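Below is one structure; the comments refer to it alone.
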Amino acid sequence: MKLTLVKVGGAIVENADSLSSLLDKFASIEGHKVLVHGGGRSATRIAERLGLPQQMVAGRRVTDADTLRVVTMVYAGLVNKNIVAQLQARGINALGLTGADMNVISSHRRPPKQVRMDDGSIETVDYGFVGDIDQVNADLLADLIAKGVVPVMCPIGHDTQGNLLNTNADTIAAEVAKALARNFEVTLVYCFEKRGVLRDADDDDSVIPCITQTEFPVLVEQGIVSGGMLPKLENAFDAIRAGVYEVVITRADALDHPSEGTRLR
């Protein structure tokens, strides 16, 4: 059985028009499906309105106790339930989930780790209430999906000890895809603002149509794959090695055009 897992970023879900278009396309996908979403820009705006300064290190949010409350309200509440309601209006029986719901994703709090900063220096960073995933309950998710439920998963996990944890949405998408690959032929689709992986960051028409595992390190060495795209592709190839059939990186408005974007195999 085929399953399509779509991960969509905050820039898309936080704009009413782009979200509506995405959900139309997502609803039209045949077969089983799962949606994983972000919402970081909304969380940042609300935190700043509350007077909570936000710190990002290497693309990851440092999450203190107050910030955790904000991201939980935004990701698991405002963004998630808006998506669920709009999918219900499209005839999709969606169920919004955090990792804590039914213990679907268990995690642990990330220990302080050494991170290379923008200036090349190495610093030890405590990310606070940020989670790294230990296990995904694939059998439970597969049972829900078999009953016609479409999981809509937000980037909030838990440590099974009563603590919620802010968890990267790209990582959730990859780990859920890997877990479900035992039950389905999984295609993982990352939707974001660009048409795919670009050979030239300034040329939107320079999409690389396919990248293999042997070609990936060459593109990294050449500097073609760098910055925020690097961890996204690392997660993607890790998913493929773990049994995911294919990963597609494309723009949200091309979700119904499977020939577009960059395919990873």
Side-chain angles (χ1 to χ4, degrees), residues 3-10 13 26 32-40 43 59-63 65 67-81 83-84 87 93-111 113 127-147 149-184 186-191 231-232 234-236 238-244 247:
L3 180 143
T4 303
L5 192 155
V6 176
K7 189 273 171 177
V8 58
V13 301
F26 179 77
H32 302 302
K33 48 192 171 246
V34 177
L35 184 64
V36 177
H37 67 82
R60 299 289 189 259
R61 188 185 305 270
V62 176
T63 306
T67 296
L68 179 65
R69 295 185 184 97
V70 171
V71 297
T72 300
M73 289 187 289
V74 173
Y75 301 160
L78 179 63
V79 175
N80 187 266
K81 298 314 170 190
I83 292 172
V84 168
L87 284 174
N93 190 19
L95 174 66
L97 294 172
T98 69
D101 295 302
M102 300 182 293
N103 193 29
V104 70
I105 299 175
S106 56
S107 307
H108 63 273
R109 181 169 169 171
R110 179 180 298 172
K113 62 185 298 185
Y127 282 96
F129 293 96
V130 167
D132 289 327
I133 294 173
D134 294 320
Q135 185 175 7
V136 176
N137 191 331
D139 290 339
L140 190 152
L141 281 174
D143 285 346
L144 289 173
I145 292 165
K147 290 178 170 63
V149 173
V150 174
V152 177
M153 308 187 72
C154 74
I156 296 293
H158 80 131
D159 65 0
T160 73
Q161 304 299 312
N163 301 299
L164 296 173
L165 297 168
N166 184 17
T167 306
N168 180 264
D170 283 351
T171 304
I172 284 182
E175 292 299 321
V176 170
K178 286 158 58 177
L180 289 175
R182 299 196 301 269
N183 304 84
F184 303 93
V186 177
T187 294
L188 171 58
V189 183
Y190 285 109
C191 291
K232 189 182 296 290
E234 288 173 339
N235 279 338
D238 185 47
I240 290 171
R241 287 189 291 270
V244 171
V247 179

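In this chain, residues are counted from 1 in sequence order. Small disclaimer: the values here were computed from a predicted structure and weren't measured.
- Here the closest non-hydrogen pair linking Leu180 and Ala142 is CD2-N, 4.2 Å.
- A 4.5 Å side-chain heavy-atom check between Val8 and Phe26 finds every atom pair outside the cut-off.
- Summarising the geometry, atom CG belonging to Leu144 is positioned 11.0 Å from atom CG belonging to Asp139; distances are rounded to the nearest 0.5 Å.
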| said: Walk me through whether Phe129 and Asn166 qualify under side-chain contact (heavy atoms from CB on, under 4.5 Å). | reply: CA-CA 6 Å; Phe129 293 96; Asn166 184 17; 5.8 Å; no

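- Taking CE of Met102 as the reference point, atom CG of Leu95 lies at 5.5 Å (rounded to 0.5 Å).
- Atom CG in Leu3 sits 10.0 Å away from atom CG in Leu188 (nearest 0.5 Å).
- Minimum interatomic distance between Arg109 and Gly128 (heavy atoms only, all atoms of both residues): NE-O, 2.9 Å.
- Test Val34, Ile105, Val136 against Leu141 for side chain to side chain contact (heavy atoms under 4.5 Å, CB included) and you get one pass: Val136.
- The two residues Cys154 and Ala76 make their nearest non-hydrogen contact at SG-CA, 3.7 Å.
- Expressed to the nearest 0.5 Å, how far OG1 of Thr63 lies from CG of Leu165 amounts to 9.0 Å.
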| message | Determine whether Val244 and Lys178 satisfy the following criterion, side-chain contact (heavy atoms from CB on, under 4.5 Å), listing intermediate values before the conclusion. | response | CA-CA 6 Å; Val244 171; Lys178 286 158 58 177; 4.3 Å; yes

| message | Checking Thr171 against Asp132 for the side-chain contact (heavy atoms from CB on, under 4.5 Å) test, could you report, in this order, the C-alpha distance in whole Å, the side-chain angles of both residues, the deciding distance, and whether it holds? | response | CA-CA 9 Å; Thr171 304; Asp132 289 327; over 6 Å; no

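- Listed here is the closest heavy atom pair of Tyr190 and Asp170: OH-O, 3.1 Å.
- For the side-chain hydrogen bond (donor to acceptor under 3.5 Å, both in side chains) test with His158, the passing option among Thr167, Asn103, Asn163 is Asn103; the others fail.
- Here the CG atom belonging to Asn168 is positioned 8.0 Å from the CZ atom belonging to Arg110, to the nearest 0.5 angstrom.
- Between the Asn80 side chain and the Val152 main chain, a donor and an acceptor come within less than 3.5 Å of each other.
- The cationic atom of Arg61 (NZ for Lys, CZ for Arg) does not lie both less than 6.0 Å from the six-membered ring centre of Tyr127 and within 45° of the ring axis.
- Taking every heavy atom of both residues into account, Tyr75 and Pro155 meet most closely at CD1-CG, 3.5 Å.
- Taking CD1 from Ile145 and NE2 from His32, the interatomic distance works out to 7.5 Å, rounded to the nearest 0.5 Å.
- Listed for the Asp101 side chain is a donor-acceptor partner under 3.5 Å among the backbone atoms of Thr98.
- At distances below 3.5 Å, not a single donor-acceptor pair connects side-chain atoms of His108 with backbone N or O atoms of Asp159.
- Of all non-hydrogen atoms in Val70 and Ala43, the two that sit nearest each other are CG1-O, 3.6 Å.
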